[in-house]
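Notes for the one structure printed next.
Heavy-atom basis, side chains included; hydrogens, waters and symmetry copies ignored.
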Amino acid sequence: MAFEVTATRRRPKTFNELAGQEFVSATLKKSIEAGKIAHAYLFSGPRGCGKTSAARILARSLNCEKGASAEPCGKCSNCIEISKGASLDVIEIDGASNTGVNDVRQIKDEVLFPPNASRYKVYIIDEVHMLSNSAFNALLKTIEEPPPYIVFIFATTELHKVPATIKSRCQQFSFKLIPIETIKKLLEETCKELSIKAEDDALFWIARESTGSLRDAYTLFDQVASFSEGHISAALIREKLGLVGLDNLNSLAEACAAGDAGTAFTLLDGIIENGVSVEQFIIDLAGFYRSMLLLKSGVTKESLLGYSPERFSAKVLETLNAPRLEHGVKLLLETHRAVRYSVSPRFELETTVSELCSLAKWVSQDDLRSAIEGVRSIFNTKATGTPEANFRHGGKAAGQAAAETAAASTSAPTAGDAQSGVKEISFASEFKRRIAARESGVPEHSRQKDEEQESILAPEVKLVEKVFQATVVK
């Protein structure tokens, strides 16, 4: 026999086999059992989630020779013909290639004739949103008051393009993305059916890459099975499809978190030499940092992370906080957009990896604002207070990273290096005076002190001003 792709071979034939669409299945089954058959249905949802399959199941349920039933027998001539797409009374139309009003006029003429050998004549119009406005308008009257033996089933991936006048005449069913766990379970059943051994990680990767589309999952499964020789493994998938792998991502992220640019570039070079494209590497690394951000936020759901939480690097989680991980994801997403128009995509990637190596020292605007508020709280204390002590208790807890970063980037002494309490108090007064002058719009030259006081206070004032100017205080 000729090879039949998995997506076609395992197409659901009953409502019970329709995976991930429990609401749709239950509603249609109840309506069939109660004999409340609508004259028009509108199925909408993402690709590969079962819209056309549900339409065929509904057509079989209505036209089964044993009577309208929520569970068609699948053995009578009507059920077999509908499954093969050979039934004269179930007409499938591609909306993308039959968009004109003349095509709709042909349907209007055909509905006048009763079904040939079935109970209902069913029209399944796929991608109905591709019809023109004239075609939609020509359908309105037919959909609203069709003959009693006519049932229309419309399927679309873009519901917003379907006119409201069509929607109001149809029973609408929204199909959802299929959960990763459900897809993985179906892939396991497929492996047993084909006597193929498969690792859980490999099947989980296929399910995750399908993004909720069962048809995409089966298509990718066929591709992987073709080169796996009866045993699907995650290592083989990474080798043949040019994927990075979680172990390599962990090693690279640990080097970046430690600020070891040399090791990071060496690992990057080895990964690219193994055949991984720059775009794929950026996607995988962005997904890794996104998973780390979710872990940092307390999310441990495997279907969201892509792997079990224990497989992610604990060192990276300890080193980087949530704002820094979020900044890392943004850097990689910006790089992915820039690579498209770059002279050298690899240079763009290497620059981003260099930035990731300094991610542990990166300070968010929230931290800088907290540092500024801490510094301001120093100057609002009594003159007898010590600025360094006040900073420790008032601002350092919230803005430690910002203050330490600013201190490390300048050779100027900090307020804690003041030679006397008088100097510290004068420093506080000077900085308060500068802030007030800036806010009042006084020119810079009128804010200068005499040379002696300027030489004493300049290092400390410049240090705090550097932190102050690093962010926008609103």
Side-chain angles (χ1 to χ4, degrees), residues 19-20 176-188 191 197-214 216-217 220-221 224 232-239 241-260 263-264 267-268 270-271 276 280-333 335-336 352-353 356-357 359-360 362 364 366 401:
K176 302 181 296 183
L177 290 171
I178 303 174
I180 293 178
E181 294 84 357
T182 302
I183 296 177
K184 182 174 178 290
K185 183 179 178 181
L186 292 172
L187 291 176
E188 291 174 351
C191 288
K197 296 181 180 179
E199 296 178 357
D200 283 344
D201 287 348
L203 294 182
F204 188 84
W205 178 83
I206 294 174
R208 184 165 57 88
E209 287 298 306
S210 67
T211 62
S213 170
L214 187 56
D216 289 3
L220 184 56
F221 173 82
V224 172
I232 300 175
S233 65
L236 188 62
I237 291 176
R238 288 196 297 269
E239 178 186 349
L241 298 183
L243 305 178
V244 182
L246 184 60
D247 295 336
N248 290 330
L249 292 174
N250 276 328
S251 300
L252 180 67
E254 287 177 1
C256 291
D260 189 354
T263 301
L267 291 170
L268 173 61
I271 292 170
V276 179
Q280 184 63 49
F281 179 82
I282 295 172
I283 292 171
D284 291 347
L285 190 57
F288 174 83
Y289 276 97
R290 174 249 187 193
S291 298
M292 298 295 284
L293 177 61
L294 293 176
L295 275 174
K296 201 71 176 180
S297 303
V299 178
T300 57
K301 189 177 180 180
E302 189 173 349
S303 60
L304 288 176
L305 299 176
Y307 298 92
S308 60
E310 296 78 15
R311 296 193 58 187
F312 290 91
S313 173
K315 294 181 180 179
V316 179
L317 281 175
E318 293 174 1
T319 306
L320 303 179
N321 57 18
R324 288 170 179 166
L325 289 170
E326 182 181 347
H327 182 64
V329 174
K330 290 180 179 178
L331 284 175
L332 290 163
L333 293 178
T335 304
H336 189 267
T352 302
V353 170
L356 292 176
C357 288
L359 197 60
W362 181 80
S364 67
D366 290 338

> Looking at I206 and A217, what are the two nearest heavy atoms and their distance?
Replying inline: CG2-O, 3.7 Å
> What distance do L295 atom CG and E310 atom CD have between them, rounded to the nearest 0.5 Å?
Replying inline: 9.0 Å
>> Quick check: closest heavy atoms across L186 and A19, and the distance to 0.1 Å?
In response: CD1-CB, 3.7 Å
>> Suppose we screen for side-chain hydrogen bond (donor to acceptor under 3.5 Å, both in side chains). Which residues come up paired with S291, at least two apart in sequence or across chains?
In response: none
> For H336, what residues pass the ring-ring contact (aromatic ring centres under 6.0 Å, His included) criterion, not counting sequence neighbours?
Replying inline: none
> Taking only residues two or more places apart in sequence, or in another chain, which ones meet K296 in a salt bridge (charged side-chain N to carboxylate O under 4.0 Å, His left out)?
Replying inline: none
> Do L356 and L359 pass the side-chain contact (heavy atoms from CB on, under 4.5 Å) test, and can you show the C-alpha distance, the side-chain angles, and the key distance before you say yes or no?
Replying inline: CA-CA 5 Å; L356 292 176; L359 197 60; 4.2 Å; yes
>> Is the shortest side-chain heavy-atom distance between L332 and T352 below 4.5 Å?
In response: yes
> With sequence neighbours excluded, what pairs up with V276 under the side chain to side chain contact (heavy atoms under 4.5 Å, CB included) test?
Replying inline: V244, I271, Q280, F281
> When rounded to the nearest 0.5 angstrom, what is the spacing between CG in L214 and CD1 in I178?
Replying inline: 4.5 Å
> Could you state the interatomic distance from CD1 (I283) to CG (L285), rounded to the nearest 0.5 Å?
Replying inline: 11.0 Å
> With sequence neighbours left out, what residues match S251 under side-chain hydrogen bond (donor to acceptor under 3.5 Å, both in side chains)?
Replying inline: none
>> Suppose we screen for side chain to side chain contact (heavy atoms under 4.5 Å, CB included). Which residues come up paired with T263, at least two apart in sequence or across chains?
In response: A255, D260, L267
> Among pairs that include at least one residue of residues 176-187, which meet side-chain hydrogen bond (donor to acceptor under 3.5 Å, both in side chains), considering only residues two or more places apart or in two chains?
Replying inline: E181-S303, K184-E188
>> Using 0.5 Å steps for rounding, measure from the CG atom of L187 to the OG atom of S210.
In response: 7.5 Å
>> Using the side chain to side chain contact (heavy atoms under 4.5 Å, CB included) criterion, which residues pair with T319? Sequence neighbours excluded.
In response: A257, A360
> What residues, two or more places apart in sequence or in another chain, satisfy salt bridge (charged side-chain N to carboxylate O under 4.0 Å, His left out) together with E199?
Replying inline: none
> Going through the distances and angles, do C191 and F221 end up as a side-chain contact (heavy atoms from CB on, under 4.5 Å)?
Replying inline: CA-CA 10 Å; C191 288; F221 173 82; 3.5 Å; yes
> By side chain to side chain contact (heavy atoms under 4.5 Å, CB included), which residues pair with L304, not counting sequence neighbours?
Replying inline: R290, L294, V299, K301
> Out of curiosity, E326 CD to L320 CG, how far, rounded to the nearest 0.5 Å?
Replying inline: 13.0 Å
> So, for W362 and P323, which heavy atoms are closest and what is the spacing to 0.1 Å?
Replying inline: CZ3-O, 3.6 Å
>> Walk me through whether T211 and L177 qualify under side-chain contact (heavy atoms from CB on, under 4.5 Å).
In response: CA-CA 8 Å; T211 62; L177 290 171; 5.9 Å; no
> Listed by chain and number, what are the salt bridge (charged side-chain N to carboxylate O under 4.0 Å, His left out) partners of D201, not counting sequence neighbours?
Replying inline: R311
>> For E254, give me all partners under salt bridge (charged side-chain N to carboxylate O under 4.0 Å, His left out), at least two apart in sequence or on another chain.
In response: none
>> Less than 4.5 Å apart, side chain to side chain, heavy atoms only: is that true for I232 and W205?
In response: no
>> Can you classify the ring geometry of F312 versus Y307 as parallel (below 30°), tilted (30 to 60°) or perpendicular (above 60°)?
In response: perpendicular
> Quick one: CG on L246 to OG on S313, what's the gap to the nearest 0.5 Å?
Replying inline: 9.5 Å
